[in-house]
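Working notes, structure below.
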Amino acid sequence: MEVLPNVFQLSYNDILNHGARFEMRGNWCERYFGNSNPIVLELGCGKGEYAVGLARRFPDCNFIGVDIKGARMWTGATEAHSAGLSNCAFLRTAIEAIPYFFAENEVDEIWITFADPQMKKVNKRLTSTFFMNLYKKILRDNGRISLKTDSNFLYTYTCLMAETSGLPVDMMTPDLYSMNLGDSERSLTEIQTFYEQHWRSMGKTIKFIRFRLPHDSQLVEPDVEIEKDDYTIKTQI
């Protein structure tokens with residue numbers, strides 16, 4: 001990871017306890033990508049399938065995969081580097097620290113692909129109001145957030161969070177592969193993560209929601225009991 005030029009690493013501990021400043025913050029386009037194209041994050045990127053896949057399909061956007069686990073991220077970072085994808089980078093850090101790595105309005109869009117649903121701890125869910133308030137600090141006004149998941153729990157929770165908070169929803173479906181997608185949306189099914197392939201092979205439907213996050217939105221946690229999934233990602237794979 002340390003020798004890959006498209007990988008950036010700075011520990012949360014260094015930021016909080018030693019006052020370290022990430023030099024790329026506010027300067028990703030200028031200093032790394034060398035353009036003024038939109039920045040799209042894949043949070044909890046794992047092996048980076050979406051970051052790499054989107055970078056191949058959309059050369060006029062800059063993609064950054066973010067995850068704390070370097071062993072998985074190495075796969076996507078190596079693939080992007082070997083393929084010469086100059087519009088794809090990776091950042092190894094805890095997602096809770098994301099405002100230390102991106103400036104206000106620096107990010108145009110966020111993807112969350114097959115994240116752990118965190119059924120017991122709401123503040124650990126990547127679509128919780130806790131994280132939404134973090135995303136507001138870096139995402140442009142009305143920036144898009146897309147969630148792709150096999151988890152009915154996480155999908156239902158996210159739909160309710162968006163509804164309760166009055167967030168504009170562009171698209172949502174409990175069965176993505178049953179939809180007739182246009183050319184502009186084919187990446188939703190043409191790019192498949194490791195987990196997505198696994199769950200589809202088991203007959204699980206893939207859920208999807210895309211919504212926008214206005215800066216003036218009042219985020220509210222849904223006060224509803226949601227049926228929990230009867231399986232977990234970590235124990236099955």
Side-chain angles (χ1 to χ4, degrees), residues 22 24-30 33 35-45 50-51 54 58 60-67 91 93-118 121-149 151-174 176 179 181-182 184-185 187-188 206-224 226:
F22 185 63
M24 211 69 68
R25 184 179 187 271
N27 300 291
W28 279 94
C29 284
E30 178 184 355
F33 294 111
N35 58 48
S36 58
N37 295 335
I39 291 178
V40 182
L41 305 185
E42 183 192 5
L43 300 182
C45 68
Y50 248 87
L54 290 171
F58 302 102
D60 293 333
C61 290
N62 301 320
F63 298 90
I64 304 173
V66 182
D67 207 307
L91 172 64
T93 188
I95 296 174
E96 291 85 346
I98 204 74
Y100 293 95
F101 294 90
F102 298 92
E104 183 179 355
N105 296 315
E106 189 170 18
V107 175
D108 288 80
E109 187 172 354
I110 290 174
W111 279 82
I112 300 169
T113 53
F114 296 88
D116 189 322
Q118 296 289 349
K121 298 179 180 180
V122 63
N123 279 357
K124 288 188 174 292
R125 292 174 207 154
L126 293 187
T127 57
S128 68
T129 58
F130 170 79
F131 278 102
M132 290 297 136
N133 280 311
L134 291 183
Y135 304 155
K136 276 188 184 183
K137 296 180 180 181
I138 63 171
L139 194 63
R140 66 174 174 83
D141 191 22
N142 275 309
R144 299 197 309 184
I145 298 178
S146 296
L147 169 72
K148 196 177 183 186
T149 181
S151 168
N152 187 65
F153 177 90
L154 184 58
Y155 172 73
T156 302
Y157 166 81
T158 306
C159 290
L160 290 170
M161 185 280 301
E163 179 184 358
T164 304
S165 302
L167 304 181
V169 176
D170 292 342
M171 176 182 175
M172 65 178 180
T173 175
L176 180 62
M179 297 186 69
L181 299 172
S184 63
E185 299 291 355
S187 61
L188 293 177
I206 305 303
K207 291 84 174 165
F208 180 81
I209 178 172
R210 173 177 289 157
F211 57 94
R212 297 182 181 272
L213 187 59
H215 285 175
D216 62 357
S217 57
Q218 300 299 312
L219 299 169
V220 180
E221 282 292 336
D223 186 17
V224 179
I226 303 172

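Everything quoted here is computed from the prediction, not taken from an experiment. In what follows, every heavy atom counts, from backbone to side chain, and hydrogens, waters and symmetry copies are set aside.
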When you compare the side chain of T158 with that of F211, does any pair of heavy atoms fall below 4.5 Å? yes

With side chains defined as the heavy atoms from C-beta onward, is the minimum distance between R144 and V40 less than 4.5 Å? no

Less than 4.5 Å apart, any side-chain heavy atom of I98 and any of V107? no

For the side chain of K136 and the backbone of S217, is there at least one donor-acceptor N/O pair under 3.5 Å apart? yes

Under a 3.5 Å distance rule, please check whether E106 uses its side chain to pair with a backbone N or O of N27 as donor and acceptor. yes

Min side-chain heavy-atom separation R210-E185 under 4.5 Å: yes

Nearest 0.5 Å, please: how far is CD1 in I110 from OG1 in T127? 11.5 Å

T149 side-chain N/O to S151 backbone N/O, donor-acceptor pair under 3.5 Å: yes

Is there a side-chain contact between F102 and L139, using heavy atoms and a 4.5 Å cut-off? no

Under 4.5 Å between any side-chain heavy atoms of Y157 and V122, yes or no? yes

Provide the closest heavy-atom pair for S165 versus L219 in the form atom of the first, atom of the second, distance. OG-CA, 3.5 Å

Rounded to the nearest 0.5 Å, how far apart are CD1 of I209 and CG of L176? 12.5 Å

Any idea which heavy atoms bring A51 and E42 closest together, and the distance? N-OE1, 2.8 Å

Residues S187, L54; criterion side-chain contact (heavy atoms from CB on, under 4.5 Å); working and verdict: CA-CA 7 Å; S187 61; L54 290 171; 4.0 Å; yes

Rounded to the nearest 0.5 Å, what's the gap from OG1 on T93 to CZ on F101? Could you check? 3.5 Å

Polar side-chain atom of N142 near backbone of R212 as donor-acceptor pair, under 3.5 Å: no

Do I138 and L41 touch side chain to side chain, with heavy atoms closer than 4.5 Å? yes

For the side chain of T129 and the backbone of V220, is there at least one donor-acceptor N/O pair under 3.5 Å apart? no

Nearest atoms (heavy-atom pairs only) where A103 meets G26: CB-CA, 3.6 Å

What verdict does the side-chain contact (heavy atoms from CB on, under 4.5 Å) test give for M171 and M179, after you've listed the backbone C-alpha separation in whole Å, the side-chain angles of each residue and the deciding distance to 0.1 Å? CA-CA 11 Å; M171 176 182 175; M179 297 186 69; 3.6 Å; yes

For the atom pair CG (L154) and CD1 (I112), what is the distance rounded to the nearest 0.5 Å? 8.0 Å

Minimum heavy-atom distance between D141 and N105, given as atom pair plus value: N-OD1, 3.9 Å

Could you give the distance from NZ (K207) to CZ (F153), rounded to the nearest 0.5 Å? 13.5 Å

Any donor-acceptor pair under 3.5 Å from Y50 side chain to L188 backbone: yes

Of all heavy-atom pairs between Y135 and I145, which one has the smallest distance, and what is that distance? CD1-CD1, 3.9 Å

Over all heavy atoms of both residues, which pair between C29 and N37 is shortest? Give the atoms and the distance, please. SG-O, 3.3 Å

State, yes or no, whether a side-chain contact exists between W28 and N62 at a heavy-atom distance under 4.5 Å. no

About how many Å separate NZ of K121 and CZ of F130, when rounded to the nearest 0.5 Å? 13.0 Å

Report the relative orientation of the aromatic rings in W111 and F208; use parallel for angles under 30°, tilted for 30 to 60°, perpendicular for over 60°. tilted

